[in-house]
Amino acid sequence: MILLNPKKHSREYPDARSTEVMRKTIEFFERKGKRKLKEDDHARVWYADFLEFVKRERIFATMLTPAGHGDPASRWDTWRICEFAEILGFYGLQYWYTWQVSVLGLGPIWMSRNEALKQRAAGLLEDGAIFAFGLSEREHGADVYSTEMTLTPVGEGVYTASGGKYYIGNANEAAIVSTFGKLAGTDHYVFFAAAPRHARFELVKNIVNSQNYVAQYNLREYPITEADILSKGDEAWNAALNTVNIGKFNLGWASIGICTHALYEAINHASARRLYGMFVTDFPHVKRMFTDAYARLVAMKLVALRAADYMRSASPEDRRYLLYNPVVKMKVTTQGEEVIDLLWDVIAAKGFEKDMYFEMAARDIRALPKLEGTVHVNIALIVKFMPNYFFDHADYAAVPKRDDAANDDFLFDQGPAKGLGQIRFHDPAPAFASYDLPNVNLFEEQTAVFRELLATATPSADQRKDIDFVMAVGEIFVCLVYAQLVLENARLYRLSEDLVDQIFDCLVRDVSRYAVQLYGKPSTTAQQMDHCLRMIRKPAVDDARYQRVWAEVHALAGAYEMNP
Ligand SMILES: Cc1cc2nc3c(=O)[nH]c(=O)nc-3n(C[C@H](O)[C@H](O)[C@H](O)COP(=O)(O)OP(=O)(O)OC[C@H]3O[C@@H](n4cnc5c(N)ncnc54)[C@H](O)[C@@H]3O)c2cc1C
């Protein structure tokens, strides 16, 4: 089975240490138990026990130190990072978050040319430190061009930093807060290392009401020397965007972990509950909701795994990951919301109970589409790739499943964060042609009409400037890229054709839904509306296939339950 079951940990790793990291992390949470997990969540306790475990077992040192800076088992290996993030999400987004913002905080450090700071970071990781990424500012949100944190020269190689940052995770305890700013009087960006323990680092407050510390902090003439500078100018700007490229991908894995745990809880509950003399799982609509949730969750995982292959195989000549990553970020996380909605409709009141993991899932799943670039920001990015994706293909060597023990060097050497419109993609047609299934074929017909819309009823210059219209177009395009990644990985993971067709049953309905949305936009022309109507299709009905997939979902009842 492709879904995580911590009680039957089965993922293959090329080395013993990777398996040990996953096994010990699972053990930590299972030993902690659900009651304490929930108590800590309700009391909003800082997760010192988890960080103590991370330190004792050198977990972040292994997972977050690139090869060459730590012991031989340490490397930045996206294959194992994916599962680690999934496990943390499975037990609670708060644990994932302190890890995630450490990933982000380390990004500008590992991308820097400041070797001394890299050595320091490696030593701090060995000591069990956490890190923080100080990009966002209260007044500017997604608009990082308007950053106001300022570094003012006060002598040769000496500066003071002044300004405020907002929504910065771990900034209460981080050993280094990688802080983004501008050099005074210029438009030159800069990344520098700050430390919360310094007297001129003012920790104003925790902005959120949770176990996490998401800080507002101010620097007041905080002294900085060249030794604290990570990068300047274009390098600093690239480090900001390239760090987010790496980090945003993990949000998909948090969603997958959350949904997987919620699915186990939901099926355990519903399959044991009798109403009107029948099991809740005997209701036809409940079967449908579970089957949809399961198919969508499996698709989320296939897509995120496949995107990781492209990320690990990326190079200056192959930057396709820059499309697949925001698709994971935006689509996997919004699919996660849909999965939780479906499950919650089944378990209803049970989802509110304080002893359930589900209560946290229902709250936390909402965060993931909104962090590190909202859905809109990511669709705006994704549509830049659309012309080349459809109309200018390139040949690439096939990207295999990347579960090897490599250090992902390129992620810290991604180069300039521009030229997105020049990136070319392989033809997705062979991925679709490799499956002759009713719903895959229907989906192909829908997306052929979409392609025809782009070619013959091409959005006008005004429509392309209207972000609301662009969002509606982008949603359909995302479905296509998502479906391509599903199919590429369905083969690699030997998914049953039943399940592939069931996933495409969902995707056919999704394209229909987005076609209706595009149809209704104020500026959609009559010709475009005609294409939209042609994209609305009913999935192929096959009751035998549906029942077989449902049986697979139902068999999950009792497969996992967290230790009390
Ligand atoms: C719990 C939490 C933890 C966080 N942790 C960190 C952290 O550790 N470090 C850090 O630096 N930041 C962090 N953030 C900030 C987070 O990355 C921002 O919330 C995010 O960048 C979006 O900013 P905003 O929410 O202020 O939205 P705004 O920027 O105010 O956006 C408002 C609206 O405009 C839309 N919009 C904005 N720009 C565009 C665009 N170009 N195209 C289309 N639509 C657009 C948005 O989609 C949104 O609907 C955190 C936030 C939260 C809530």
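Read the numbers this way: they start at 1 and go in the same order the structure lists the ligands and their atoms. Just so you know, residue 1 is the first one in the sequence shown, and it goes up from there. Keep in mind that what you see is a predicted model, and the values were worked out from it rather than measured.
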Sub-4.0 Å heavy-atom environment of ligand 1, residues by chain: Tyr97, Val101, Phe133, Leu135, Ser136, Gly141, Ala142, Tyr167, Ile168, Gly169, Val214, Leu371, Glu372, Thr374, His376, Val377
Cut-off 3.5 Å, no hydrogens considered: what does the side-chain donor-acceptor table look like for residues 375-387, sequence neighbours left out?
| from | atom 1 | to | atom 2 | distance (Å) |
| --- | --- | --- | --- | --- |
| Asn378 | OD1 | Lys248 | NZ | 2.8 |
| Asn378 | ND2 | Gly373 | O | 3.2 |
| Asn378 | ND2 | Thr374 | O | 3.1 |

Parallel, tilted or perpendicular, as decided by the 30° and 60° cut-offs, for the rings of Tyr189 and Phe180: parallel
Validation row, ring centre Phe352 to ring centre Trp344 under 6.0 Å: yes
Sub-4.5 Å side-chain heavy-atom contact between Val103 and Trp76: yes
Test of ring centre spacing under 6.0 Å for Tyr95 and Phe29: yes
Side-chain donor-acceptor pair present, Tyr97, Ser210, cut-off under 3.5 Å: no
